[in-house]
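Contents: one structure, followed by commentary.
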2 protein chains.
Amino acid sequence: MSQNKFTDKNVIARCVPMSKLQSVIGGKWKILILWYIAFYKVQRFGELMRRLDGITQSTLTKQLRELEYDGFLHREIYKEIPPKVEYSLTEFGQSFIPVLQTMMTWSEKYLCPDYVNPYQEITKE
Amino acid sequence: MSQNKFTDKNVIARCVPMSKLQSVIGGKWKILILWYIAFYKVQRFGELMRRLDGITQSTLTKQLRELEYDGFLHREIYKEIPPKVEYSLTEFGQSFIPVLQTMMTWSEKYLCPDYVNPYQEITKE
DNA sequence: AGTAGTAGTACTTTTTTAGATACTTAGAAT
DNA sequence: ATTCTAAGTATCTAAAAAAGTACTACTACT
């Protein structure tokens, strides 16, 4: 009767970190959004729109709201005209920076060995 | 006339590592599948099915084929009856292990602080 | 008076992703 | 003669994600 406990629903149903991570940063845009906010210091909705080539307003709104809900982002609303909102990483969001960095380093080396960071081209002028 | 070169389509359209990474490991199951194969040494289709609670055969097949296509997995077919196929990480796939490890460590600490690895419960009996 | 700027909302349509179901192979066990 | 096994394929449907379009608010500028 020595059962493989992995088949036990109670074990499987538990919070499985990789599964949760996938649900939190999955999707077509999230790690890209986090990456822009964390490393490029993008804070405004409009700037994110321009940088995330191909994203629509409604999708960006939804993604930002989810990242806010999951605790990664803080959304500071200024009561100004025209409207102003600034996005920034929470402390929790900042804890994720090393993961983003690891991903980026790996991607540069293994996915895009001939990639040149366009940000450097901007700042050097 | 000093333009922000980031608005230049040529720069944006280039291979952006994070974007590529997202497309490669996005989806509902991929990092979970890689994680099982990398750390739990799961090699067989059926075992993956049992561990990935809720996945269907066709979805698992598709995910595995994509991971194979993207270079992460090697698929060894044995001409036996009943059929036998073994999945394993390619060299490229192995290069991704540190990334998985970083993700896992972060997830355990920040997403699931009360998580206990069920694999340990299996092996200790 | 008309247009631009920012950060959206609301609603619909399209695309992508995943799930459901039935079927296959070929031998071994019941 | 069935049933079981592993690892699928093929086809269809459902659900989720993303995109498209139209519209808003308030002020400043032309």
Side-chain angles (χ1 to χ4, degrees), chain A residues 4 6-7 12 16 18-34 36-37 41-70 73-88, chain B residues 4 6-7 12 16 18-34 36-37 41-70 73-88:
Chain A
N4 183 338
F6 225 112
T7 59
I12 291 173
V16 178
M18 285 312 258
S19 182
K20 204 160 181 183
L21 179 70
Q22 182 116 51
S23 81
V24 159
I25 60 149
K28 203 171 163 183
W29 300 104
K30 288 215 183 128
I31 61 175
L32 212 51
I33 292 171
L34 287 175
Y36 273 117
I37 294 176
K41 308 295 176 207
V42 175
Q43 300 202 90
R44 307 293 298 275
F45 186 91
E47 198 182 347
L48 281 168
M49 268 294 280
R50 286 188 292 278
R51 299 200 182 233
L52 296 163
D53 195 36
I55 201 171
T56 58
Q57 273 193 327
S58 50
T59 300
L60 179 54
T61 300
K62 212 159 95 189
Q63 303 293 308
L64 288 170
R65 289 294 188 286
E66 285 174 17
L67 287 170
E68 192 193 353
Y69 176 84
D70 286 329
L73 297 183
H74 171 68
R75 188 159 161 269
E76 183 77 34
I77 304 152
Y78 297 84
K79 284 231 154 287
E80 295 176 12
I81 294 297
K84 179 176 171 184
V85 175
E86 275 184 359
Y87 292 93
S88 56
Chain B
N4 182 336
F6 224 112
T7 60
I12 291 173
V16 179
M18 285 313 258
S19 180
K20 205 160 182 183
L21 179 70
Q22 182 115 51
S23 80
V24 159
I25 61 151
K28 203 171 164 182
W29 301 103
K30 288 214 183 133
I31 62 176
L32 213 51
I33 291 172
L34 286 175
Y36 273 117
I37 295 176
K41 308 293 175 208
V42 175
Q43 301 203 88
R44 306 293 297 276
F45 186 91
E47 197 181 348
L48 281 169
M49 267 293 281
R50 286 187 293 279
R51 299 204 182 230
L52 296 164
D53 195 36
I55 201 170
T56 58
Q57 272 193 328
S58 51
T59 299
L60 179 55
T61 300
K62 215 158 89 186
Q63 303 292 308
L64 288 169
R65 288 294 188 286
E66 286 174 15
L67 287 170
E68 191 193 353
Y69 176 84
D70 286 328
L73 297 184
H74 170 70
R75 187 159 163 270
E76 184 77 35
I77 304 151
Y78 297 83
K79 285 233 152 285
E80 294 175 12
I81 294 296
K84 180 175 170 186
V85 173
E86 274 183 1
Y87 292 93
S88 56

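Owing to the predicted nature of the structure, the values given are computational and were not obtained by experimental measurement. Residue numbering restarts at 1 for every chain, and letters A, B, ... go by the order of the sequence lines.
- Checked against side-chain hydrogen bond (donor to acceptor under 3.5 Å, both in side chains), Lys30(A) has the following partners two or more places apart in sequence or in another chain: Glu66(A).
- Between Leu60(B) and Phe45(B), some side-chain heavy-atom pair lies under the 4.5 Å cut-off.
- When rounded to the nearest whole Å, the span between NZ of Lys79(A) and P of dT27(D) equals 12 Å.
- Look at Tyr87(A) and you won't find any side-chain N or O under 4.0 angstrom from OP1 or OP2 of dT6(C).
- Here dT9(C) presents its C1' atom at 11 Å from CZ of Phe45(A), a figure rounded to the nearest Å.
- The side-chain hydrogen bond (donor to acceptor under 3.5 Å, both in side chains) check on Gln57(A) picks up nothing, with sequence neighbours excluded.
- Here Ile25(B) contributes atom CD1 and Ile33(B) contributes atom CD1; the two are 12.5 Å apart, rounded to the nearest 0.5 Å.
- One atom, CH2 of Trp29(B), and another, P of dA16(D), lie 13 Å apart when rounded to the nearest Å.
- Taking atom CD of Glu76(A) as the reference point, atom P of dT6(C) lies 19 Å away to the nearest angstrom.
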Can you name the atoms? Protein N/O to nucleotides 27-30 of chain C N/O, anything below 3.5 Å, with the distance.
none

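- Side-chain proximity of Pro83(A) to dA25(D), dA18(D), dG8(C): nearest is dA25(D).
- Contact record, Arg44(B) with Pro83(B): NH2-O, 4.0 Å, taken as the closest heavy-atom pair.
- A heavy atom lying under 4.0 Å from DNA chain D marks the following residues of residues 57-67 of chain A, by number: Ser58(A), Thr59(A), Gln63(A).
- Contacts of Tyr78(A) with the nucleic acid, taken as non-hydrogen atoms under 4.0 Å apart, are absent.
- Contact between the side-chain N/O atoms of Arg75(B) and the OP1/OP2 oxygens of dG8(D) is found at a separation under 4.0 Å.
- A straight line from CD of Gln22(B) to P of dT16(C) spans 16 Å, rounded to a whole angstrom.
- Map Lys28(A) and Gln43(A) each onto its nearest nucleotide of DNA chain C; the residue landing nearer the 5' end is Gln43(A).
- Residues forming a side-chain hydrogen bond (donor to acceptor under 3.5 Å, both in side chains) with Thr56(A) (at least two apart in sequence, or on another chain): Thr59(A).
- One distance of note links CD1 of Ile55(B) with OG1 of Thr61(B); it measures 8.5 Å at 0.5 Å rounding.
- For Glu86(A), the side-chain hydrogen bond (donor to acceptor under 3.5 Å, both in side chains) partners at least two apart in sequence or on another chain are Tyr78(A).
- Taking a pair to require two hydrogen-bonding distances under 3.5 Å in either a Watson-Crick or a G-U wobble arrangement, dT14(C) pairs with dA17(D).
- The residue among Arg44(A) and Gly26(B) whose nearest nucleotide of DNA chain C lies closer to the 5′ end is Arg44(A).
- Contact annotation: the side chain of Tyr87(B) approaches that of Leu73(B) to within less than 4.5 Å [non-hydrogen atoms, C-beta and beyond].
- When the side-chain contact (heavy atoms from CB on, under 4.5 Å) test is applied to Val42(A), the partners found at least two apart in sequence or on another chain are Tyr36(A), Tyr40(A), Glu47(A), Leu48(A), Arg51(A).
- Following rounding to the nearest Å, Ile77(A) (CD1) and dT9(C) (C1') show an atom-to-atom distance of 14 Å.
- Separating the CD atom of Glu80(A) from the C1' atom of dA25(D) is a distance of 15 Å, rounded to the nearest angstrom.
- Atom C1' of nucleotide dA7(D) and atom CD1 of Ile55(B) are separated by 14 Å, given to the nearest angstrom.
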